[in-house]
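Please read the structure below before turning to the comments.
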Protein chains: 2
Amino acid sequence: MVPKTPSTTAEAGTARERLLAAAERALLESGYERLSLRSVNVAAGMNPAAVHYHFGSKDALVAALLEDRLGPLWQDALADLSARAEDGVPPSVADLVDVVITPLVELAADPLGRLRLHLLARFVLGRRRGLPAAFTARWFGLEPWARLLRATRQDLTEREAARRWALAFALVLQHFGDPLADAPGEPAPPGTLRTFVMAGLDA
Amino acid sequence: MVPKTPSTTAEAGTARERLLAAAERALLESGYERLSLRSVNVAAGMNPAAVHYHFGSKDALVAALLEDRLGPLWQDALADLSARAEDGVPPSVADLVDVVITPLVELAADPLGRLRLHLLARFVLGRRRGLPAAFTARWFGLEPWARLLRATRQDLTEREAARRWALAFALVLQHFGDPLADAPGEPAPPGTLRTFVMAGLDA
DNA sequence: GCACCGATTCAAGCACTGATTGAATCAGTG
DNA sequence: CACTGATTCAATCAGTGCTTGAATCGGTGC
């Protein structure tokens with residue numbers, strides 16, 4: 001599961017990509033709180049209004065970066081699990097948790113991945129504007145996850161399953177993305193987190 | 001369990017308290033991200049350097065507000081539970097979780113309490129400078145909690161118990177404090193959270 | 001009462017911030 | 001070539017946390 005490569009969409013043009021690359025470098029260097037649009041514009045060799053022209057706002061720049069650099073990590077695995085569940089072989093709760101956690105562990109193994117997790121956690125947990133609803137739904141639509149949990153735990157209501165997943169994702173995102181920290185470091189090994197979340201979902 | 005009353009320490013003087021009160025009002029009105037020191041200074045009827053003179057920085061102002069307004073919610077209950085454990089009656093995991101959650105539910109019942117939870121979550125989860133180490137240890141020293149958990153679950157190492165509590169507090173603080181939101185609203189009823197955290201600790 | 005000294009208050013100023021504005025330039029089309 | 005929409009540009013705005021040096025205040029000792 002590799003991070004998504006930079007967009008080469010023809011109509012996006014070079015200016016947008018230069019701004020995204022400059023923003024990513026600045027974020028890596030000094031973090032989200034100190035991200036200055038002026039320095040992004042300068043680093044991209046453009047005028048001071050470039051970010052606003054192309055993206056509309058600071059948040060939208062970062063949201064665009066996220067959307068461009070981070071694909072839907074769980075989409076394939078989620079489709080597999082859903083297909084299995086329909087074949088009468090529902091995944092265990094451990095399977096579900098591992099599907100969620102494994103790609104995050106990989107992402108967190110290098111600074112660029114960690115930056116992306118950090119931004120994702122900030123935007124999702126902060127419910128920041130800028131991310132298109134489609135992006136958020138693709139990432140954090142809880143309905144498929146709730147459905148899979150209930151395939152094993154048929155005693156849970158749909159609402160209860162969704163609530164549990166909301167808590168699980170909140171904790172997982174916080175663990176891997178450390179959204180409130182200035183400079184997110186390497187997360188702790190996920191053993192305890194895995195145990196905790198599995199138990200919480202299967203309570 | 002009432003929020004702590006404003007400090008009446010003689011050497012703090014009127015200026016500090018005026019600034020704290022003005023800051024609290026501004027925070028209630030427009031939230032942490034939009035807290036402007038100029039407006040706090042004006043609202044307190046003071047000159048533009050007052051916050052810096054008395055507190056040193058914006059973060060330190062808010063940390064001082066937190067420290068002044070929010071006492072150690074769990075101190076008494078923690079002492080009770082520790083005494084019982086020493087008498088050979090260890091608390092159940094449910095008892096532990098209820099001790100943590102109950103005062104937070106009360107705080108979250110009104111906007112002022114929610115503001116304080118929000119600030120607490122921001123500072124603690126963001127590991128913000130400004131809070132004295134003693135304050136943080138009093139609030140989030142995990143050792144007594146780990147000890148109580150291990151009184152029931154003697155199979156857990158001290159490290160594992162502490163790790164589980166770190167996750168539990170992170171999730172609980174996020175749930176009640178919603179630290180990344182601009183305007184924290186009322187948290188969802190804590191039933192699912194309680195179940196989730198209890199299961200996670202007792203996994 | 002006066003001088004001294006530390007604490008406090010004050011206004012002005014600094015460098016920086018996201019965002020806006022109107023003009024200039026560019027590139028494609030008929 | 002003229003037109004048009006897209007893009008770039010520099011200047012500007014209102015606001016930000018923070019610093020600075022001067023003025024004022026209040027307490028103390030002589």
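Proteins come first, then strands; the chains are lettered A, B, ... in the order of their sequence lines, and each starts at number 1. This one's a predicted model, so the numbers in the text were calculated from it and none came from an experiment.
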Nearest-Å distance, CD (A/Glu33) to P (D/dG17)?
-> 13 Å

Rounded to whole angstroms, how far apart are CG on A/Leu61 and P on C/dT17?
-> 15 Å

Are the side chain of B/His54 and the backbone N or O of B/Leu61 linked by a donor-acceptor pair below 3.5 Å?
-> no

Indicate yes or no: does B/Asp68 engage B/Arg16 in a salt bridge with an N to O separation below 4.0 Å.
-> no

Salt-bridge present (A/Glu86, A/Arg147; N to O < 4.0 Å) = no

Tell me which nucleotide among C/dG18, D/dT20, C/dT20 gets nearest to the side chain of A/Ala49.
-> C/dT20

Value in whole Å for how far the C1' atom of D/dC25 lies from OH of B/Tyr53 | 11 Å

How many Å lie between CZ on A/Phe55 and P on C/dT20, as a whole number?
-> 16 Å

B/Arg38 (side chain) and D/dG15 (base): donor-acceptor pair under 3.5 Å = no

Rounding to a whole Å, what distance do you find between A/His52:NE2 and D/dC13:C1'?
-> 13 Å

Among the candidates C/dG18, C/dG13, D/dC9, find the nucleotide nearest to the side-chain atoms of A/Met46.
-> D/dC9

Would one find more than 12 heavy atoms of other residues, nucleotides or ligands at under 6.0 Å from atom CD of A/Glu158?
-> no

Taking it one step at a time, do B/Lys58 and B/Glu33 satisfy salt bridge (charged side-chain N to carboxylate O under 4.0 Å, His left out)?
-> CA-CA 11 Å; B/Lys58 178 175 177 174; B/Glu33 292 286 344; over 6 Å; no

For the residue pair B/Trp145 and B/Trp165, does the interplanar ring angle fall in the parallel (under 30°), tilted (30 to 60°) or perpendicular (over 60°) class?
-> tilted

Between atom CG in B/Asn47 and atom C1' in C/dT9, what is the gap in whole Å?
-> 5 Å

State the dot-bracket string of DNA chain C. Criteria: Watson-Crick or G-U wobble, both atom distances under 3.5 angstrom; notation: ( ) intrastrand, [ ] crossing earlier pairs, | interstrand, . unpaired.
-> ||||||||||||||||||||||||||||||

Quick one: B/His54 NE2 to C/dA7 P, roughly how many Å, whole number?
-> 12 Å

A/His118 side chain to A/Gly177 backbone, donor-acceptor under 3.5 Å | yes

How many Å lie between CZ on A/Arg16 and C1' on D/dA6, as a whole number?
-> 14 Å

